[in-house]
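Everything on this sheet refers to the single structure shown next.
Basis for what follows: all heavy atoms, side chains included, without hydrogens, waters or symmetry-related copies.
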Amino acid sequence: MAGVWQCMLIVVVLIVVCLWGSVGAVGGAKSRPRPQRRPHKKTKVEPADLTPPAQNIDIKQMTGTWYLLNTASKCSYLMNHGTKVEPTVMTLTFSPESDETLLVSTKTRHNHQCWEILQMYNLKQTPGKLTLKGARPELNIEIVIGETDYSSYAIMYYQKGGKITMKLYGGTVDNLSEPMLTKFEQLAEKQGMGLAFLFPFPTYSHCGDVDQHHTINDSQDLFPNLNTQGNSSKGECPTPLKDLGS
């Protein structure tokens, strides 16, 4: 009889020990949590980064006069006033002081008055990429020459703060071929901008000479209320013209 009770006591002790171990594991005080694998962080890719410049692009062949023919953008100003854009012409020349700086003159109208905006684009190490510096680095506008034949057309991308604007320039005021216009539309579609975000510009009545009283030299905030082709005083659109903007 004593042997039976001894066996029963051993069984009870084993049960208590097992239960005690289970409670400790559930409580978590003595158990180690299983290490969890961190989710893979995707690298953020900006729109213009997806658009490599034309191969072996020679920026020196880009100098001269270019007429703005079409723009693809989601800027609110263009969405509301896209039918009132004015003819815009851009002239590119190299700075006599540095071959790393491109001088840009843009002429357009505002309230029937011609204005000229003078700016400087800084060439980057990658051919076909430029930067228009802002007051702070986050206000810089990154520019990519996507495609060009140096004479009849040039497709350029302007990126600022994650927003992108595309522009189609022509070497003359003559309308480009239908295949080229279709190609521009297709490239804009890849950036998420369909036909509703395309804004053709007039190809007539471009400004000629502009007097010094209507010339803005790299205007950051000189004329915050002058606002025509797609810029806003809040700088929401990634265009190289901060106030009159094309």
Centroid-centroid distance, W115 to H214, less than 6.0 Å =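 Between W115 and H214, the centre distance is under 6.0 Å.
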Note, [X] side chain near [Y] side chain (heavy atom, < 4.5 Å):
X: M90; Y: Y67; result: no
X: T106; Y: V89; result: no
X: I145; Y: K129; result: no
X: I155; Y: T148; result: no
X: L118; Y: I216; result: no
X: N122; Y: E100; result: no
X: L123; Y: T101; result: no
X: E178; Y: T182; result: yes

For the [atom1] atom of [X] and the [atom2] atom of [Y], what is their distance to the nearest 0.5 Å?
X: L92; Y: T63; atom1: CG; atom2: OG1; result: 7.5 Å
X: M193; Y: L187; atom1: CE; atom2: CG; result: 10.0 Å
X: E86; Y: H206; atom1: CD; atom2: NE2; result: 10.5 Å
X: L69; Y: W66; atom1: CG; atom2: CH2; result: 10.0 Å
X: E147; Y: M156; atom1: CD; atom2: CE; result: 13.0 Å
X: L68; Y: T88; atom1: CG; atom2: OG1; result: 5.5 Å

ask   = For V85 and L78, what are the C-alpha separation, side-chain angles and deciding distance, and is it a side chain to side chain contact (heavy atoms under 4.5 Å, CB included)?
value = CA-CA 8 Å; V85 294; L78 275 177; 3.8 Å; yes
request  = Considering only NZ, NE, NH1 and NH2 on the basic side and carboxylate oxygens on the acidic side, decide whether E138 and K160 come within less than 4.0 Å.
outcome  =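 A salt bridge is absent here (no side-chain N lies under 4.0 Å from a carboxylate O).
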ask   = Does the pair T93 and L102 meet the rule for a side chain to side chain contact (heavy atoms under 4.5 Å, CB included), with working shown?
value = CA-CA 6 Å; T93 57; L102 193 65; over 6 Å; no
For [X] and [Y], does a side-chain donor sit closer than 3.5 Å to a side-chain acceptor?
X: E142; Y: T131; result: yes
X: S73; Y: T165; result: yes
X: T91; Y: S105; result: no

Which heavy atom of [X] sits nearest a heavy atom of [Y], and at what distance?
X: D99; Y: F94; result: O-CE2, 3.3 Å
X: L198; Y: A188; result: CD2-CB, 4.0 Å
X: M62; Y: A154; result: CE-CB, 3.9 Å

Counting only N and O atoms by type, is there a donor-acceptor contact under 3.5 Å from the side chain of [X] to the main-chain atoms of [Y]?
X: T215; Y: D211; answer: yes
X: N70; Y: L168; answer: no
X: Y150; Y: D58; answer: yes
X: R109; Y: S205; answer: yes

request  = Tell me, yes or no, whether the heavy-atom count around D209 atom CG, taken from other residues, nucleotides or ligands under 6.0 Å, exceeds 12.
outcome  =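 Not buried by this count: 12 neighbours or fewer within 6.0 Å.
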hydrophobic_cluster_shared for V210 and I117, side chain cutoff 4.5 Å =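 Not linked; separate clusters.
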query = In this structure, which one of F184, F197, Y158 forms a side-chain contact (heavy atoms from CB on, under 4.5 Å) with M166?
reply =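 It is F184, the one option of F184, F197, Y158 that forms the side-chain contact (heavy atoms from CB on, under 4.5 Å) with M166.
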